[in-house]
Student: 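Please read through the structure below; I'll follow up with questions.
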Amino acid sequence: MPTTLPMAIEFRLPEGWLPARPEGLGAADVAFAAVHPQPDAGFAANITIDGEVPAGAATLAALADESVERLREVDEAAVVASRREVGSVDAPALIQRLAFSTVVDGARRDLVQSQVYLSLSDVEDPHKRAVIRLALTATAAQHDAVLDDFQDFVRTVRTDAGASS
């Protein structure tokens, strides 16, 4: 069953992307999923959203490290291809790209996952913060072709001020 996010957000999917059931992607621990309409080698590129209220003073880098460790449960050879902190002091973010392999429909596939960690403040109580993780997973061959869509999607994500009324 999909999880819920620690705070309401709003976003707009890129043109052509279709909402999907997270558990259908093997991602039951996410709050939202969407798939690209044109699979590559039997794998549909997907965007997922999940989030948490970090414990204590957990940094975005520490949360990203935890994500890498979870991925290494699937592929112990998973690597962090790149990572950088972006944003501002008031709205920090972290971007990382991971490379890994997994079996899809009986065949091993090289996949790339781009993750964006957004630290968002609660609309009603700015002292409360949540971290929203946005992830694009695609085959290594298709990743760069769908990356612009993902970047466009990330730019539309914001807290949903109307959800608290």
Side-chain angles (χ1 to χ4, degrees), residues 1-36 44-74 78-100 111-138 143-144 146-165:
M1 176 164 195
T3 62
T4 57
L5 292 174
M7 74 174 44
I9 62 170
E10 59 185 12
F11 55 85
R12 191 175 61 252
L13 280 177
E15 188 173 332
W17 287 73
L18 306 167
R21 294 176 49 129
E23 56 274 10
L25 299 174
D29 58 343
V30 303
F32 180 83
V35 294
H36 190 268
N46 60 77
I47 293 172
T48 57
I49 304 172
D50 65 79
E52 64 184 282
V53 175
T59 64
L60 294 178
L63 297 173
D65 288 342
E66 290 174 13
S67 183
V68 172
E69 291 311 310
R70 282 192 304 275
L71 187 56
R72 286 186 177 141
E73 293 172 8
V74 173
V79 297
V80 178
S82 65
R83 177 186 283 183
R84 71 180 197 268
E85 293 189 30
V86 296
S88 65
V89 172
D90 294 332
L94 182 141
I95 300 168
Q96 72 178 1
R97 183 179 291 196
L98 310 172
F100 64 102
L111 301 178
V112 175
Q113 186 174 82
S114 288
Q115 300 177 337
V116 176
Y117 291 81
L118 302 174
S119 181
L120 303 175
S121 294
D122 187 282
V123 175
E124 292 186 8
D125 182 357
H127 293 89
K128 290 183 184 176
R129 79 174 178 111
V131 174
I132 304 298
R133 182 176 65 136
L134 313 168
L136 166 69
T137 307
H143 183 269
D144 289 348
V146 295
L147 184 59
D148 284 346
D149 282 354
F150 180 63
Q151 291 169 336
D152 290 344
F153 165 74
V154 170
R155 283 190 280 276
T156 72
V157 176
R158 56 193 32 83
T159 55
D160 185 355
S164 59
S165 20

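Numbers here are sequence positions counted from 1.
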Student: So which heavy atom on Q96 is nearest to which on A64, and how close?
Tutor: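 What the structure gives for the nearest pair is NE2-O, 3.4 Å.
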
Student: Report yes if the side chains of H143 and L136 come closer than 4.5 Å at any heavy-atom pair, otherwise no.
Tutor: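 Heavy-atom side-chain distance check passes, below 4.5 Å.
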
Student: Between R72 and E69 (salt bridge meaning N to carboxylate O under 4.0 Å), is one present in this structure?
Tutor: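 Yes, this pair counts.
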
Student: Between W17 and H36, is the side chain to side chain contact (heavy atoms under 4.5 Å, CB included) condition met? List the steps.
Tutor: CA-CA 5 Å; W17 287 73; H36 190 268; 3.5 Å; yes

Student: For a quick test of reading the model, state the closest non-hydrogen atom pair linking A130 to P6 and the distance between them.
Tutor: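 It is CB-CG, 3.6 Å.
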
Student: To the closest 0.5 Å, what do you measure between CZ (F150) and CD (Q113)?
Tutor: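 Rounded to the nearest 0.5 Å, the CZ-CD separation comes to 8.5 Å.
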
Student: If you measure from CG on L18 to CG on L13, what distance do you get to the nearest 0.5 Å?
Tutor: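 It is 8.5 Å, given to the nearest 0.5 Å.
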
Student: How many angstroms lie between atom CG of L134 and atom CD1 of I49, to the nearest 0.5 angstrom?
Tutor: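 The CG atom of L134 sits 6.0 Å away from the CD1 atom of I49.
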
Student: Give, for atom OG of S119 and atom CG of L63, the distance between the pair rounded to the nearest 0.5 Å.
Tutor: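 Answer for the OG-CG pair, S119 versus L63, is 9.0 Å.
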
Student: Mind listing the closest non-hydrogen atom pair of T48 and A33 along with its distance?
Tutor: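 Closest heavy-atom pair between T48 and A33: CG2-CB, 4.1 Å.
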
Student: Could you report the tightest heavy-atom contact between T159 and S121, atom names first, then the distance?
Tutor: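 In this case the closest contact between T159 and S121 is CG2-O, 3.8 Å.
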
Student: Tell me, please, which residues at least two apart from D144 pass salt bridge (charged side-chain N to carboxylate O under 4.0 Å, His left out).
Tutor: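 D144 satisfies salt bridge (charged side-chain N to carboxylate O under 4.0 Å, His left out) with R97 only.
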
Student: Side chain to side chain contact (heavy atoms under 4.5 Å, CB included) for F32 and F11? Distances and angles first, verdict last.
Tutor: CA-CA 11 Å; F32 180 83; F11 55 85; 3.8 Å; yes

Student: Which of these passes side-chain contact (heavy atoms from CB on, under 4.5 Å) with Y117: L60, T59, V86?
Tutor: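 So the option named by the test is L60.
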
Student: Roughly how far, to the nearest 0.5 Å, is CG of L98 from OG1 of T137?
Tutor: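 These two atoms lie 8.5 Å from each other.
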
Student: Testing the basics here: between D149 and P14, what is the closest heavy-atom pair and its distance to 0.1 Å?
Tutor: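 D149 and P14 have their closest heavy atoms at O-CG, 3.3 Å.
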
Student: Verify side chain to side chain contact (heavy atoms under 4.5 Å, CB included) between D152 and R155, making sure each step is shown before the conclusion.
Tutor: CA-CA 5 Å; D152 290 344; R155 283 190 280 276; 2.6 Å; yes

Student: Please name the pair of heavy atoms, one in V80 and one in R83, separated by the smallest distance, quoted to 0.1 Å.
Tutor: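 Scanning both residues completely, I find the closest heavy atoms to be CG1-CB, 4.2 Å.
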
Student: Mind checking the CD-CD spacing from E66 to E52? Nearest 0.5 Å is all I need.
Tutor: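 The CD atom of E52 is 6.5 Å from CD of E66, to the nearest 0.5 Å.
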
